[in-house]
There are 2 protein chains.
Amino acid sequence: MADITKQKIVEQLKEAGVSPSEQRIAVFSFLHHNHIHPTADTIYQSLSPDYPTLSKTTVYNTLKLFVAKRLIQVVAIEDGELRFDVNTDFHAHFKCRECLEVIDLFDIPEPQCPTETQLIAESTQLNFYGICDQCKGKLEEQS
Amino acid sequence: MADITKQKIVEQLKEAGVSPSEQRIAVFSFLHHNHIHPTADTIYQSLSPDYPTLSKTTVYNTLKLFVAKRLIQVVAIEDGELRFDVNTDFHAHFKCRECLEVIDLFDIPEPQCPTETQLIAESTQLNFYGICDQCKGKLEEQS
DNA sequence: ATGTTTATTGTAATGATAACAAATCTTTAA
DNA sequence: TTAAAGATTTGTTATCATTACAATAAACAT
């Protein structure tokens with residue numbers, strides 16, 4: 001997971017019916033190599049140096065396409081910033097209110113929508129909000 | 001819960017250390033009587049006829065204050081629209097992708113953040129996305 | 001009453017995303 | 001090979017929710 005070849009990236013895109021343009025490869029690669037749940041802007045800022053002609057609109061279009069093709073997942077953990085995750089399997093997230101980082105939590109079972117409700121859940125998001133150990137330490141130091 | 005007197009509203013505000021102005025009473029009342037997880041705009045639009053001088057900024061300020069005083073809860077279920085809930089106890093939400101309504105699910109236990117992670121969760125949001133029974137029926141009719 | 005704090009208001013600024021149309025690249029078929 | 005058609009990218013502009021800010025108004029305390 002940590003390292004994935006460009007070949008694999010291209011393969012995955014093709015399998016999903018997405019023609020592998022330079023830009024799309026770049027965005028998908030970035031997501032594969034940086035499991036930081038980046039926003040569209042973070043992706044754009046990070047790729048810009050290597051792809052000077054890249055446009056922000058392309059990043060938005062590409063991410064929307066990837067989501068539609070189920071190549072990636074939206075993480076709606078905070079209003080006003082859509083984040084993206086290459087791991088489309090269910091897992092929970094924790095957002096630290098100090099460092100603002102989003103941490104993966106893989107060991108929590110997926111909660112199920114009660115069947116009596118007649119609601120058909122297609123996806124599930126479980127988000128925790130709080131403070132991480134590091135930041136808690138720093139805050140206690142200060143006071 | 002369905003019906004709450006103005007007196008109770010005023011009491012609750014005072015208890016939380018919020019001086020009960022007309023506008024604050026109106027917003028808190030609206031939330032108490034309309035468990036629809038409204039956005040700031042919905043609240044503003046709904047109250048405007050009765051409070052013609054009400055400003056949108058006041059609605060935003062008031063909601064922010066209520067959240068800070070833990071009188072209400074933010075429901076971050078979709079990017080670009082903050083929703084608000086007078087029920088501050090944990091419960092899950094279901095958003096239908098057709099009618100866009102947000103439905104409460106009270107019977108799901110609150111998932112716990114594993115203690116090994118050293119993360120201290122202060123709040124938890126569990127959101128399901130899918131289609132409700134009514135909308136599913138309508139869609140099937142059409143095809 | 002008068003000065004001080006608090007709340008409300010309207011306008012303007014911000015920032016993320018989407019719409020749109022023009023430009024470029026790719027593919028297809030003659 | 002080349003020209004048309006289709007897909008992709010780009011830059012600009014528009015939109016929409018939210019916030020910042022400064023001025024007004026109301027409530028409170030001396």
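We name chains A, B, ... by the order of the sequence lines, and we start the count at 1 in each one.
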Check: B:His35 ring centroid to B:His37 ring centroid under 6.0 Å: no
Roughly, in whole Å, what's the span from CG in B:Leu82 to C1' in C:dA16? 13 Å
From the candidates C:dT8, D:dT19, C:dA18, the one with an atom nearest any side-chain atom of A:Lys64 is C:dA18
Just to be sure I understand the rule, does A:Thr53 reach a base, reach only the sugar-phosphate, or reach nothing, if contact means heavy atoms closer than 4.0 Å? sugar-phosphate
Which is true for B:Asn61 with a 4.0 Å heavy-atom rule: it touches a base, it touches only sugar-phosphate, or it touches nothing? base
What's B:Thr58 touching, base or sugar-phosphate or nothing? Going by heavy atoms closer than 4.0 Å. base
Once you round it to whole Å, what is the distance between C1' of D:dT18 and CD of B:Glu81? 14 Å
Name the closest nucleotide to the B:Ala40 side chain, picking from D:dT18, C:dT17, C:dT8. D:dT18
Should B:Gln23 be listed as having a side-chain N or O under 4.0 Å from OP1 or OP2 of C:dT9? yes
Taking C:dT9, D:dG11, D:dT9 as options, the one with an atom nearest any side-chain atom of B:Ser55 is C:dT9
Whole angstrom is fine here: how far is it from OH in A:Tyr44 over to C1' in C:dG15? 15 Å
When rounded to whole Å, the CG to P distance for the pair B:Leu65 and C:dT6 reads 13 Å
Neighbour count above 12 (heavy atom, 6.0 Å) for A:Gln7 CD: no
How many Å lie between NZ on A:Lys69 and P on D:dA7, as a whole number? 12 Å
Between A:Ser19 and D:dT8, does any side-chain N or O lie under 4.0 Å from OP1 or OP2? yes
Salt bridge check: are A:Lys95 and A:Glu101 linked by an N-O gap of less than 4.0 Å? no
Atom CD of B:Gln45 and atom C1' of D:dC16 are separated, to the nearest Å, by 13 Å
Can you measure A:Arg24 atom CZ to C:dT26 atom P for me and round it to whole angstrom units? 12 Å
Expressed in angstrom and rounded to an integer, what is the separation of B:Glu78 atom CD from D:dC16 atom P? 17 Å
A:Arg83 to A:Leu100 - nearest heavy-atom pair and separation: NH2-O, 3.6 Å
Thinking salt bridges, do B:Glu98 and B:Lys136 make one under a 4.0 Å N-O criterion? no
Out of C:dT17, C:dT8, D:dT18, which has the shortest distance to the side chain of A:Tyr60? C:dT17
A:Lys56 or B:Thr57: which one's nearest nucleotide on DNA chain C is closer to the 5' end? B:Thr57
